[in-house]
Number of protein chains: 2
Amino acid sequence: MKVNKSANRGRGRPLAFDPNQALGAAMRVFWLKGYEGASLSELTEAMGINKPSLYARFGDKRTLFLAAIEHYNATIGARNLKQLLDGKTVRETVAGYFSAINAALTSADSPPGCMIGSVATDLAGRDEEIRAKVANLLASTEVFLTQRFKELGDSPVNENTLAEIVVSFGQSLAARARLGATQSELDARTARFLSVLLGAEELAPPDR
Amino acid sequence: MKVNKSANRGRGRPLAFDPNQALGAAMRVFWLKGYEGASLSELTEAMGINKPSLYARFGDKRTLFLAAIEHYNATIGARNLKQLLDGKTVRETVAGYFSAINAALTSADSPPGCMIGSVATDLAGRDEEIRAKVANLLASTEVFLTQRFKELGDSPVNENTLAEIVVSFGQSLAARARLGATQSELDARTARFLSVLLGAEELAPPDR
DNA sequence: CAGCCGAAATACCGTTCGGTAAAAAAATGC
DNA sequence: GCATTTTTTTACCGAACGGTATTTCGGCTG
């Protein structure tokens, strides 16, 4: 049996699995199979635990799904958002953001598309708590983008409007990826979109 | 050819339901509950028939879902596309298209959002036939839009690129509606988007 | 060592799932 | 009237579902 490597205080039998890793496995199952399409047997098998352990640690299926959404946001979502800090111009920043998104949406070791944008958004239509949570996540992303665009200072249009548009296009990229688009197809679409949204990119930066 | 019940000259017991109407009911159940989330009992109850009748007429659950996708496309999708024929300019045409879409996405007597954009697109991640069908539908829409923009003749950018962008924004509207956005929220977002995409029009200030 | 604690493992719960066999019913053709 | 055709109805199937009670096990503590 595996022994928990971290400090193992506490009196009873130690946990035989890493909860965060198990949550990641559950997330991937939901991501591919959807909420109702993911069975507890599939989940526990992927997580490497059995059902009573799942219930003790994560609660029921729906609570686990809520945790999976948070996990997605805290890992993949946060990684994409970090790309926003790299660019010096709005164009650079947005291009880098979409580039990261397109890579994540088509990663070979993940199900296609965005778990939140496809699975959770579908479920949002019939589950109010999920709906509110996902809507909130999306609104936060727009706030974050708006603030970043204001910092950059060179947005050609109202920063909040630009943030709306960027997030909206990101949603469509997620759907396309779910429908089988490859990374290069997404990148090509993104380039065409950016050329219309922000004007054609100059071949040589006239920084002189 | 289809046989409706007024022109019933078959030999056996006549159908006691209208297949098209039953298909519409099934579509609405899938639309709200998702594919796996919709049970045969819910489906048959909404359709007003029992399971053997369902199987005789529509095949199994998955085949019924495929028919529901076609039904959605043939009714709601076609109605939206018809809006494209009304405008005289690209701006008018696109605005009318989005207006129809936003109304359909938030209709009071339908589940929220777009059945194809949320439910079917989610399922596309784990069902190749569904994936191909939905991807095809989307591609056809882009072709149709491209052609219409060419006819109109006043597109400020490459017509195919514009069609891509319009369809992409439509996908994001569908997701927003699934997440609870109201029609006026969608319309406001659309107006801000169009003012950036096609230049400002003296209608609403771009700030909410 | 014994006692205890908490997690793991097994086996099981009632319900619902998607799907179907068999029989009853409604229309037509002779 | 009576057989034929096609549908509706009823009842049912084995499997899988989400969720748990119970027991076993590993490790700390006194």
Side-chain angles (χ1 to χ4, degrees), chain A residues 1-23 25-26 29-30 32-68 119 123 126-127 129-130, chain B residues 1-23 25-26 29-30 32-68 119 123 126-127 129-130:
Chain A
M1 292 293 174
K2 229 170 159 184
V3 179
N4 208 354
K5 59 198 166 194
S6 58
N8 198 4
R9 51 201 166 283
R11 296 247 297 231
R13 183 172 173 170
L15 224 55
F17 63 96
D18 175 358
N20 212 53
Q21 189 172 315
L23 182 54
V29 173
F30 281 130
L32 178 62
K33 301 297 205 98
Y35 177 69
E36 292 92 350
S39 71
L40 285 190
S41 308
E42 288 173 304
L43 287 165
T44 52
E45 188 188 341
M47 298 167 85
I49 63 180
N50 21 41
K51 286 189 268 187
S53 298
L54 191 161
Y55 275 79
R57 192 48 67 156
F58 299 105
D60 65 7
K61 188 186 179 183
R62 194 168 156 285
T63 307
L64 175 64
F65 185 76
L66 283 162
V119 176
L123 185 55
R126 70 195 91 109
D127 186 317
E129 189 180 355
I130 302 277
Chain B
M1 288 310 244
K2 54 179 62 169
V3 176
N4 66 27
K5 73 179 176 179
S6 58
N8 186 0
R9 359 183 189 328
R11 281 255 303 230
R13 180 171 176 169
L15 266 184
F17 63 97
D18 175 358
N20 213 52
Q21 190 172 316
L23 183 54
V29 172
F30 281 131
L32 177 63
K33 301 297 205 95
Y35 177 69
E36 292 92 351
S39 71
L40 284 191
S41 309
E42 290 173 302
L43 286 165
T44 52
E45 188 188 342
M47 298 166 86
I49 63 180
N50 19 40
K51 286 188 269 185
S53 297
L54 192 160
Y55 274 79
R57 205 72 191 179
F58 299 105
D60 64 7
K61 186 186 181 185
R62 195 168 156 284
T63 308
L64 175 64
F65 185 76
L66 283 162
V119 175
L123 185 56
R126 71 194 92 107
D127 185 317
E129 190 180 355
I130 302 278

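Per chain, numbering begins at 1; letters A, B, ... match sequence-line order. We use all heavy atoms of the structure for the numbers below, so side chains are in, but hydrogens, waters and symmetry mates are not.
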Check: residues 38-48 of chain B side-chain donor-acceptor pairs under 3.5 Å, at least two apart:
| unit_1 | atom_1 | unit_2 | atom_2 | d |
| --- | --- | --- | --- | --- |
| S39(B) | OG | E42(B) | N | 3.2 |
| S39(B) | OG | E42(B) | OE1 | 3.4 |
| E42(B) | OE1 | S39(B) | N | 2.9 |
| E42(B) | OE2 | K33(B) | NZ | 2.3 |
| T44(B) | OG1 | L40(B) | O | 2.9 |
| T44(B) | OG1 | S41(B) | O | 3.1 |

Let me confirm one number: the [atom1]-[atom2] distance from [X] to [Y], rounded to the nearest 0.5 Å.
{"X": "E129(B)", "Y": "L66(B)", "atom1": "CD", "atom2": "CG", "value": "5.0 Å"}
{"X": "K61(B)", "Y": "E36(B)", "atom1": "NZ", "atom2": "CD", "value": "6.5 Å"}
{"X": "L23(B)", "Y": "D18(B)", "atom1": "CG", "atom2": "CG", "value": "10.0 Å"}

Kindly list each side-chain donor-acceptor pair under 3.5 angstrom involving residues 52-60 of chain A, sequence neighbours excluded, with atom names and distances?
| unit_1 | atom_1 | unit_2 | atom_2 | d |
| --- | --- | --- | --- | --- |
| S53(A) | OG | N50(A) | OD1 | 3.2 |
| D60(A) | OD1 | R62(A) | N | 3.4 |
| D60(A) | OD1 | T63(A) | N | 3.0 |
| D60(A) | OD1 | T63(A) | OG1 | 2.8 |

### side-chain contact (heavy atoms from CB on, under 4.5 Å) evaluation trace for Y35(B) with I130(B)
CA-CA 11 Å; Y35(B) 177 69; I130(B) 302 278; over 6 Å; no
Using whole Å, what does the distance between atom [atom2] of nucleotide [N] and atom [atom1] of [X] come to?
{"X": "F58(B)", "N": "dT7(D)", "atom1": "CZ", "atom2": "C1'", "result": "14 Å"}
{"X": "L64(B)", "N": "dG19(C)", "atom1": "CG", "atom2": "P", "result": "10 Å"}
{"X": "M47(A)", "N": "dA9(C)", "atom1": "CE", "atom2": "P", "result": "14 Å"}
{"X": "L54(B)", "N": "dT9(D)", "atom1": "CG", "atom2": "P", "result": "13 Å"}

### Query
So, for F65(B) and L123(B), which heavy atoms are closest and what is the spacing to 0.1 Å?
CE2-CD2, 3.5 Å
### Query
So, is N50(A) close to the dA9(C) phosphate, meaning a side-chain N or O under 4.0 Å from OP1 or OP2?
yes
## Note on the structure
Protein-proximity profile, nucleotides 14-22 of chain D, B/S/- by nucleotide at the 4.0 Å heavy-atom cutoff, equals ---SBBBB-
## Note on the structure
One would report the end-axis bend of the helix from dC1(C)-dG30(D) to dC30(C)-dG1(D), five pairs per end and rounded to 10 degrees, as 10°
Using a cut-off of under 3.5 Å, enumerate the N/O to N/O pairs linking the protein to nucleotides 4-7 of chain C.
| unit_1 | atom_1 | unit_2 | atom_2 | d |
| --- | --- | --- | --- | --- |
| dA7(C) | O4' | R13(A) | O | 3.2 |

